[in-house]
Amino acid sequence: MAERSTAAVDVADNSGEQSLTAEADQSTADGVAKNRERDTDNDEAQENTGTKGPATTSPPDLHSGHKLARRYRLEECVTRLDGFSSWRAVDEKLRRAVGVHVLPADHSRARSVLAAARSSALLGDPRFVQVLDAVEENDLVYVVHEWLPDATELTTLLASGPLEVYDAYQMVSQVSSAMAAAHREGLAHLRLNPNAVLRTSTGQWRIRGLAVNAALRGASSNTPQRTDTESIGALLYAALTQRWPYENDAYGMSGLPKDIGLIPPDQVRAGVHRGLSELAMRALANDGATASRHESPCTTPEELVKAIGEMPRIRPPEPAFTAPPDYQRTTYQQGSYGRPTASPRVTQPTPVPPPPLQSRTGKALKWAVSALLIAALGLGSWQLADALMEQGGEGDDTTNTQTTNGNDKNVPKPVRGKPIAISELHDFDPFGQDGSEYPENLPKILDGDPASYWQTSFYASSDFGRLKPGVGVVVDLGKSQDVGKVDVTFIGSTSVELRAAPGDAESRPTSFDSYGKVAEGSGTTVSLAPKDTVKTRYLLVWLTELPMQADDGQWRGRIADIKVTS
């Protein structure tokens, strides 16, 4: 059930479709129905959209093991409703899990579903679950999309309680900016609810069903931007309070008490962040909210993004401090350093030394060894004296003259290639929304394990999806030192620049322009050596072009090791 909940596309509800839902719960082509898909989804409670009448076409008679295009093998039916079905499937060509929506070609919504899927696929934004294929074949229309087994629905996250402040802030920030980008391309979601928002294992938020879910259910709106904005407000409200901001219960959450209207989240639950509470009310104002203290309503995702940008940034929580273990006194004074002390009740046996050579043969052997040692010492002394005399003769030869510079005497030459210890590492993302790129993984760079690494977020292309010029890691050497070379080991061929802060910088610079470029290169193991020795405390390893990682097919940078030498 966990995997189904994270990868199935939410397209079912109970808005006047009780008979169809009942049919979905009866035996299906797979035998017994595996789930009651989203029985708490209620259109009237979550969005002001028009819905066309249900299609009369029956769902295609498919079963587990059926193949589409000789490539997509259906595994498990997760939705069977309103003339279409949704499946977890396997792409046998690329050997990966996918999701598939299937409906008859003569279905009243087949054309609109194909058009919505193809428009969504052209967007190519990695913040959305990607449409991989949209085909009409053999009297069937089917849409193939990504399957994210490592992601968790917001519905599941909220089942255990409200989100932490930073998580709620990240969710509304990423979802708002993604929907603003979609609307700039003329695409709307119209069914943006907790089942359609996923959090991946890396902490990124992704949206599934852009345009497609609405087309499958026949949802439409005369004000699509306003509809999606109010849906984002409802998501934030639920994330802060674990309550659905309408009177009806939905998505496993209780609705608000009747006859009291829409009250701010910080009046529903104690300890709610006031700025986020006001932001939710500004988005939900589209439904007539009139909280006295909130500012003008946000009617588009773009306005919501702007309002978030004007808020004070919410920082991630500090990592929990783990107390060090109690000091254990060692026993090196007794010659057993690093070994456990023996129990006082156990008597340790004392080894008996071998008896000395007391016989006549033993005494003769000792005298012979002594004589050999004396002879060896005498021979060595004679050879050493002879060598010194030869060197002295060569020094007296007036034909061999050596000129020395008196200024070079007693002047120590600087040592090159000496390792420089790294004091601290800091993630550096000045052009990102939250200014952070997985700081919790930075210790993996210095752990000496080539299989562990720090990584960036994933992007739609090698140039960071054209969202930013790069990201990087700041290397703190503890004090200003002469740096001759920095060796960086990447997972995948990566383009990188080495930048340095001024040598007199007393604190770590936070702006990109404070670091000047001193070297650049690309590859998996890159040696960045400035033309001249750089004296600085702070170095910036700045990634400018990312590789596609083989394990997940995403564009992201990974640093496995950094070494600095003088």
Quick one: do [X] and [Y] make a salt bridge, cutoff under 4.0 Å?
{"X": "Asp449", "Y": "Lys444", "answer": "no"}
{"X": "Arg127", "Y": "Asp125", "answer": "yes"}
{"X": "Arg199", "Y": "Asp167", "answer": "yes"}
{"X": "Glu136", "Y": "Arg111", "answer": "yes"}
{"X": "Glu153", "Y": "Arg208", "answer": "yes"}

Exercise for the section: Would you please test Arg274 and Glu278 for salt bridge (charged side-chain N to carboxylate O under 4.0 Å, His left out) and show each step? Expected result: CA-CA 6 Å; Arg274 180 166 180 171; Glu278 293 181 354; 3.3 Å; yes

Once side chain to side chain donor-acceptor pair (under 3.5 Å) is applied, do any residues pair with [X], and if so which ones, sequence neighbours excluded?
{"X": "Ser201", "result": "Asp150"}
{"X": "Thr200", "result": "Thr202"}
{"X": "Arg118", "result": "none"}

Do the side chain of [X] and the main chain of [Y] share a donor and acceptor less than 3.5 angstrom apart?
{"X": "Gln455", "Y": "Ile491", "answer": "no"}
{"X": "Ser176", "Y": "Val172", "answer": "yes"}
{"X": "Gln225", "Y": "Pro301", "answer": "no"}
{"X": "Glu76", "Y": "Leu74", "answer": "no"}

Exercise for the section: Flag the pair Trp244 / Tyr251 as yes when their ring centroid distance falls below 6.0 Å, and as no otherwise. Expected result: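 Between Trp244 and Tyr251, the centre distance is under 6.0 Å.
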
Handout entry: Set of salt bridge (charged side-chain N to carboxylate O under 4.0 Å, His left out) partners for Asp463, sequence neighbours left out
Key =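 Listed in chain order: Arg466.
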
Problem - Arg269: partners by salt bridge (charged side-chain N to carboxylate O under 4.0 Å, His left out), with sequence neighbours left out - result: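 Once residues adjacent in sequence are excluded, Arg269 has no partner under the salt bridge (charged side-chain N to carboxylate O under 4.0 Å, His left out) criterion.
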
Rounded at 0.5 Å granularity, tell me how far [atom1] in [X] sits from [atom2] in [Y].
{"X": "His189", "Y": "Ile207", "atom1": "NE2", "atom2": "CD1", "result": "6.5 Å"}
{"X": "Cys298", "Y": "Arg282", "atom1": "SG", "atom2": "CZ", "result": "4.0 Å"}
{"X": "Leu123", "Y": "Arg184", "atom1": "CG", "atom2": "CZ", "result": "10.0 Å"}
{"X": "Thr223", "Y": "Glu230", "atom1": "OG1", "atom2": "CD", "result": "9.0 Å"}

Problem - Mutual orientation of the aromatic rings belonging to Phe512 and Trp542 [parallel < 30°, tilted 30-60°, perpendicular > 60°] - result: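 Taking Trp542 first and then Phe512, their aromatic rings sit tilted (interplane angle of 30° to 60°).
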
Practice task
Please state whether the rings of His66 and His63 are parallel, tilted or perpendicular, taking 30° and 60° as the class boundaries.
Solution key: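 The rings of His66 and His63 stand perpendicular, inter-plane angle above 60°.
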
Exercise for the section: Please test Lys67 against Glu92 for salt bridge (charged side-chain N to carboxylate O under 4.0 Å, His left out), starting from the C-alpha separation and ending with a verdict. Expected result: CA-CA 10 Å; Lys67 285 188 182 180; Glu92 294 186 335; 2.8 Å; yes

Exercise for the section: Answer yes or no: does atom NZ of Lys468 have more than 12 heavy-atom neighbours from other residues, nucleotides or ligands under 6.0 Å? Expected result: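 Enclosed.
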
Practice task
Sorted by first residue and then second, give each side-chain hydrogen bond (donor to acceptor under 3.5 Å, both in side chains) pair with at least one member in residues 254-264; sequence neighbours left out.
Solution key: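 Of all non-adjacent pairs touching residues 254-264, none passes side-chain hydrogen bond (donor to acceptor under 3.5 Å, both in side chains).
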
Handout entry: Result of checking Thr544, Val526, Ile559 against Val496 for side chain to side chain contact (heavy atoms under 4.5 Å, CB included)
Key =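 Option passing the side chain to side chain contact (heavy atoms under 4.5 Å, CB included) with Val496: Val526.
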
Exercise for the section: Evaluate the criterion side-chain hydrogen bond (donor to acceptor under 3.5 Å, both in side chains) for residue pair Thr227 and Ser221; output intermediate values, then yes/no. Expected result: CA-CA 7 Å; Thr227 298; Ser221 173; 2.8 Å; yes

Problem - Check against side-chain hydrogen bond (donor to acceptor under 3.5 Å, both in side chains), Asn193 and Ser231 - result: CA-CA 7 Å; Asn193 54 54; Ser231 297; over 6 Å; no

Close side-chain approach of [X] and [Y], heavy atoms under 4.5 Å:
{"X": "Val135", "Y": "Tyr142", "answer": "yes"}
{"X": "Val141", "Y": "His107", "answer": "no"}
{"X": "Val268", "Y": "Ile263", "answer": "yes"}

Practice task
List the steps and the verdict of side-chain contact (heavy atoms from CB on, under 4.5 Å) for Leu198 and Leu154.
Solution key: CA-CA 6 Å; Leu198 312 172; Leu154 180 58; over 6 Å; no

